[in-house]
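Notes follow the structure.
Every chain is numbered from 1, with letters handed out A, B, ... down the list of sequences.
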Amino acid sequence: MSFPTPSSSRQGDAAAPATPGLSRRAALGRLLAGGCALPGLGLAAPAFSGLAAVAAPQPRQGGYLRVAAAAAAITDTLDPARQSNQTDYIRGKMFYNGLTELDAHLNPLPALAESFASDDAQEWTFRLRRGVHFHDGKPLTPADVVYSLMRHKDPAVGSKANAIAAQIDSVAADGPQAVKVRLKAPNADLPVLMGTFHFHIVADGTTDFRLANGTGPYRCQEFRPGVRSIAVRNPGYWKPGRPYVDTIECVGIVDEVARVNALLSGDIDLVSAVNPRSALRIAATPGFTFMTTQSGQYSDLVMRQDRGPGANPDFVLALKYLMDRELMMKVIAQGHAMVGNDQPIDPTHTFYAPGLPQRPYDPERARFHLRKAGMAGARLPIVASPAATYSVEIALVLQYAAARVGLELEVKRMPVDGYWSNHWMKHPLSFGNINPRASADAVFTQFYQSTSAWNATGWKNLRFDQLLVAARSELDENRRRALYADMQALVHDECGSGIPLFIASIDGLSSRVKGLSQIPLGGLMGYSFAENVWLEG
Amino acid sequence: MPASSAPAPALPAEPPRRRLPRLPLPGLLGLAVILFWLATALFGPWLLSPEANAPGADEVFGRLGAAHPLGTDYLGRDILARLVLGAGYTVGVAIVATLLASAGGTALALLAAVRGGWADGTLSRLMDTLISIPSKLFALIMVAAFGSSVTLLALTAALIYVPGVFRIARSLAVNINAMDYVAVARSRGEGELYIMRHEILPNMLGPMLADLGLRFVYVVLLLAGLSFLGLGVQPPEADWGSLVRENLGGLPEGAPAVIVPALAIASLTIAVNLLIDNLPGRGER
Amino acid sequence: MNALVLRLIAARIGLALVSLLLVSAVVFAITALLPGDAAEEKLGLEATAETLAALRHEMGLDRPALLRYGDWLAGMAGGDPGRSVVSGALVGQLIASRLPNSLLLAGLTAAISVPLALGLGIAAAMWRGSRFDRAVSMGAVAVVSVPEFLIATLAVLLFAVQLRWLPALAYTGPDAELAELARAYALPVFSLCCVIISQMLRMTRAAVVDQLRAPYIEMLRLKGASPLRMVLRHALPNALGPIANAVALSLSYLLGGVIIVETIFNYPGVAKLMVDGVTQRDMPLVQTCAMLFCAAYLLLVTVADVLGIVSNPKLRHR
């Protein structure tokens, strides 16, 4: 499934999905066309050597790039295990590498591991690339990998990947150039997980993260949490010719309007997390453009199924039918989103099941189910917060639709801080926000498996749990696809999670910045722009 | 504190009502604008159709037009309706908070000035403590701890501005307290309450009214600032500051959604100041 | 200087310690009500029971809050504000890295706004009722009637985005030249001046006008003193108390109150540091910042009070 497209069309795509009201099919087609440029080529050699032949502009060395992400706090960290926001991930991708890295379809490509294999999906062998050095000159060894992976299991490290790492049984060196990872149960997606931010490889025994010592394309020259970092080109990087830019200054600007103004005034060359309205403004300013990245990020209405009104399946269905998804996409996201279908796998994903019928906005059916649930005329609080992207706006649109069928929703907006620990999952009706996960298994396991701590709706479905385990140990691509399709249907029909939209992230950039493309883990090429972009003179 | 409730409420309400005919033109204008917004806040919501606050599909950041006289906001809602609904929050919260702060602050200041010594020291210390916590950070902690509600906002704003009023009022009152006529009154054997009400308060009324007007403006702006930080009146309800904030994205294109509420804030605050500046006995001699 | 002033200063230093203690207690009391703790905030969605417990232990949150507060106070008494719960860095260092930025911004703003406000205020009082007076008064009200974030955003849109004369972000890094510095600070200083100038100007005018109405000025007028002399020699010294108070209040705003300007210009000052501290439940950091603001404020009002006493003949000789 890889057909190289000329990279010039990729650049054109960058601005294309901006058209408001773009149909889902059209957007999807465009995404597939744009997204497939990299994978086949990226496997062995550096990707751009292949693309350059197809009339792409030659990457240019040198220059000073200023980039602004949307988060900044004194908790900014260079410790991969504790990184938690965009700015952290950008820095992670500049200074470190993982065993694998993810392509435009979130397939794992070799990185620090030049190959990886398993017979049973339970015991994996990662063969390490030769001649890779950390920034301090130390060569990469299996001991570094063992240390980097096993530290997630130590609660004292406070790793954000602690729960995911629980499935790792042991990590051990297998000769001087390979590592064996043994899991407690099979997981065909381990190479995908190894390409995510928290599993970046640090040098054995590292506990001081005031500066980063990694194998990545940039060395860390200055790092001041909450203020900025300065990254300088690593001349000994293991990808020949990369990276292109000499120095990257990275700051976090929390306020969106300020971020966009900094771009348009020429203070910053590249900004992440632009809202749809500003995207139009950027496009209208000569010398600037924007890029939309559709991903699996979604905000969902969490209806607790173990208590309150959500325990009644008819009430859940009524609210799902009350979501005017087209209106939400048009008004709230200005077209920079895809309509969701109450299941968490988005259309860009390999395992998306296209056969599932789309649930429409249908006030009459909603009224019917509401009556059947005995909830007509009821008055209920619904908890939203800017912490969950678009949730306040979604709640307002839902509130309006509900009022017309005789259900009074009282929107309660909660402040950002403390939302996840105090409100999410804690009310009969609240909103969640799930960042893009690298694999279908990760989303389903963390948020839908009945035993998960973050099973937000309290959904319990035995068949779903069985399918999940079966898919995890299945190495055959087609059989996995079928299993995931069944799971999507189950969630769509029965789970208390109402998913109106998959949210796209939008980056704004000066037209000097070239070489950016989409990786659906988030904006800025899934935060890995640093080794891919160059600056035009 | 026997004096705390007695003198202060007379401050803002009395003079304009009794001496209305003698107001010069700018003062009348200010009064008219204030009355207009008060009426809007009180009766406006009844005149709106229930559909007025609905998110619309047609256009976001719409221009002035027949269907939406003042344009539409970032969700396609009617700005006129949002403005009318917001008037209640802005005017109401600001008036309540300003009056509470001015009354409380002035009363405490009089007490401190007349009593002096121990009472003065304790009060000054307490006020210094309160005022030294930056207002927005104080509000941030309050909202994070208690959740945002209109009552909490009004109380927080009042609490924030009591010390400010106190400091200015005390400094005026201490000066006046050192005047000979106060000493005369004291030697006459007048009580503390009498000295506060009849000797000191009338003589500090001028600067205090100027302060009151500005204080009102500050409360309105504090609310707006809190909205900027996401701590103000919570959606779907919105005070005018929140309206400016939530539509700030429309500023580069000059959307009415951001300009109209900003003008509303400016008209209200300027009107209050016009009125106070032109109250009889001020500015002329 | 006289005995009263010296006594006042001595008393103020003693009372300042009480105030600081009070501030920390107030902040402690309110923050104790905040939902969630630093460990929960840090791990967010990804918290597991084990990592939460381990992190709480590492941060020392498994000890009672009062004990932690006591420890912090004890440390503070010895001049050591301790370590940030969240990042493990020394609170002193965190603040030291931000405070010069805040002081620079505050200093520049004060240097421009105070002379401007006082000059305009006195002039307006001298020619009260004139067109100049009306224009200045209306101007002050008009400027302060627009929300601060709107002024700042408008200024950025006009001068940074449209005209491209000035940068949209204020921070320059440690090794900036003077010209670059001036350009970078122009917009935030302008925004802040708009916010604080009005209060100072109006209080100056009101206080001077009040003095000019006093009987003793009438006497001077009858004696034929020149208007300028009347204002500068006689009215102003008596009005200095309230003016100094207004200036102190306005200036105290410049340290902790500038959170909006810091946000819009992405300026790494102490206000943002404290907001971060609150959202991350980093109590030692919040406490220390609050103390810092309190100390700065106390310093300013003490200076204002001394000025008030020194300038008021009646108080001076009491």
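- Residues Met138(C) and Ile270(B) form a side-chain contact, since some pair of their non-hydrogen atoms from C-beta on lies under 4.5 Å apart.
- The candidate from Gln199(C), Met274(C), Met291(C) with the greatest count of non-hydrogen atom pairs under 4.5 Å with chain B is Gln199(C).
- Residues in residues 18-29 of chain C take part in these side chain to side chain donor-acceptor pair (under 3.5 Å) pairs, two or more places apart or across chains: Ser24(C)-Tyr69(C).
- Per-residue heavy-atom pair counts under 4.5 Å with chain C were compared for Ile133(B), Val244(B), Leu263(B), and the maximum is reached by Val244(B).
- Proximity to chain B is limited to the side chain of Val26(C), based on heavy atoms less than 4.5 angstrom apart.
- In this structure, SG on Cys289(C) lies 8.5 Å from CG on Leu137(B), to the nearest 0.5 angstrom.
- Remark: Asn203(B) pairs with Tyr181(B) by the side chain to side chain donor-acceptor pair (under 3.5 Å) rule, at least two apart or across chains.
- The parts of Leu22(C) that come within reach of chain B are both its backbone and its side chain, each placing non-hydrogen atoms under 4.5 angstrom from that chain.
- The shortest distance between side-chain heavy atoms of Pro242(C) and Asn175(B) falls below 4.5 Å.
- Rounded to the nearest 0.5 Å, atoms CG (Leu154(C)) and CG (Leu248(B)) are 8.5 Å apart.
- Interface remark: Ser198(C) contributes backbone and side-chain atoms alike to the contact with chain B (heavy atom separation under 4.5 Å).
- Looking at Ile168(B), only its side chain comes within 4.5 Å of chain C, counting heavy atoms on both sides.
- In this structure the side chain of Ile265(B) never reaches within 4.5 angstrom of the side chain of Val146(C), judged on heavy atoms.
- Looking at heavy atoms from C-beta onward, Ser132(B) lies in side-chain contact with Val23(C) at the 4.5 angstrom threshold.
- Between atom CZ of residue Arg125(B) and atom CG of residue Leu21(C) there is a gap of 13.0 Å, rounded to the nearest 0.5 Å.
- Between Phe228(B) and Glu148(C), every side-chain heavy-atom pair lies at or beyond the 4.5 Å cut-off.
- Interface residue Leu251(B): backbone and side-chain heavy atoms are both found under 4.5 Å from chain C.
- Interatomic distance, CZ of Phe293(C) versus CZ of Phe138(B), reported as 14.5 Å (0.5 Å rounding).
- Only the side chain of Val258(B) has a heavy atom closer than 4.5 Å to any heavy atom of chain C.
- The contact between Ile264(C) and chain B is made entirely by side chain atoms (from C-beta outward), counting heavy-atom distances below 4.5 Å.
- A distance of 10.5 Å separates CD1 in Ile131(B) from CG in Leu298(C), rounded to the nearest 0.5 Å.
- With contacts defined as side-chain heavy-atom distances shorter than 4.5 Å, the pair Val195(C)/Leu221(B) does not qualify.
- The part of Leu274(B) that comes within reach of chain C is its side chain, from C-beta onward, which places non-hydrogen atoms under 4.5 angstrom from that chain.
- In this structure, the separation between CG on Leu240(C) and OG on Ser171(B) is 10.0 Å, given to the nearest 0.5 Å.
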